[in-house]
Amino acid sequence: MPDELKKSQLRALQYFFVDGTFEFGFGLLCLLLAAYFYVEAHVQGWLSAFVDVSLILVMIGGGYLINALIRRVKERVTYPRTGYVSYQREHGIKRGGRVVALGLVVGGVVGAATTVLVMNKNIQIAVMPLLSGLLFGLVMVILGWRASIQRFYLLALLSAALGVVLAFSGLENTISLTAYYAAIAVILLFTGTCVLRTYLRKNPAPQVAPDEH
Amino acid sequence: MSTDLRSLADVNRLIHEPSRSVILAILAAVESADFLYLQRETGLTKGNLSVHLSRLEEAGYVNIEKTYRGKIPLTLCRMTDDGRKAFDAYRNQLKQFVENTKE
């Protein structure tokens, strides 16, 4: 019986990722970043400085829009079919602890990579796609571990491999970043489509109002 | 009767019913879940689920809010603080019993 309870709880946590909208959202954000780095690589002069500054706006604005889009899709597709679930947000010390831990890990990865590069001046690689690939991979591993979803481990592996390949490809940082985000966006959108198709096949649209008890 | 068996006999009977323990386990993992989600997860009929939720609500373990999402009625269920305490205590009793039992 306790195993059944644990499985029910795990399924409730996995429910957020059941329809592929997470991959869609993340994929769209990566596509936006790819477009940003493409523009950054091709503009010059004062426009270049403006584009540099606007990265934060792209990330915050894009994140907000994509979050709203995911919510809308879930309201129309997921909730009428399989129900609504909202999740607790951690507050206070617990949340702060996790943020600090994540910051230390990210700082550690960035610091280690920088040290290796500074100490070995013969290595001519594009650092940014390598770091992006490793960090995105790390986020996927954490998500996969927390929600016990295997496909996130595969995404982590693909991201890290892509980062390494692009780092040694000889392309300059901005071009290889564009390639990295475009490729990871395609992978995420493909995964999201597959997951959504499976979900829709398993859960046809309800014929009656879902909550009329 | 040994202490372990007595602890199992003292277990919260309202929660110990399988359907209600699954409902509470789900609600312990999330902030809120609607009737449809709980129905799909527990495999209960609408009537049965309503009865179990009413009993949990009467005990103060669950808070039920009837609202609308657009034009569609929505029944949102949340675990109360009392419900969380009772469920934690139940889980600990059960865990203790299982740990002290030979396979």
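Basis for what follows: all heavy atoms, side chains included, without hydrogens, waters or symmetry-related copies. Labels below follow one simple rule: chain letters A, B, ... track the order of the sequence lines, proteins then strands, and each chain is numbered from 1.
Contact of Tyr68(B) with chain A is not made at all, since no heavy-atom distance falls under 4.5 Å. Proximity to chain A (any heavy atom under 4.5 Å) is shown, for Arg78(B), by neither the backbone nor the side chain.
The list of ring pair (Phe, Tyr, Trp, His ring centres under 6.0 Å) pairs with a residue in residues 179-198 of chain A, not counting sequence neighbours, reads Phe37(A)-Tyr181(A). The salt bridge (Lys or Arg N to Asp or Glu O under 4.0 Å) contacts involving residues 15-28 of chain A comprise Asp19(A)-Lys74(A), Glu23(A)-Arg151(A), where partners must be two or more places apart or lie in separate chains.
Two rings, from Phe152(A) and Phe22(A), have their centers less than 6.0 Å apart.
A salt bridge links Arg91(B) with Asp88(B): the closest approach of a Lys/Arg side-chain nitrogen to an acidic carboxylate oxygen falls below 4.0 angstrom.
Put simply, of Ser8(A), Ser86(A), Ala12(A), the one with the most heavy-atom pairs under 4.5 Å next to chain B is Ser86(A). Chosen from Leu13(A), Leu10(A), Val85(A), the residue pairing most often with chain B at heavy-atom distances under 4.5 Å is Val85(A).
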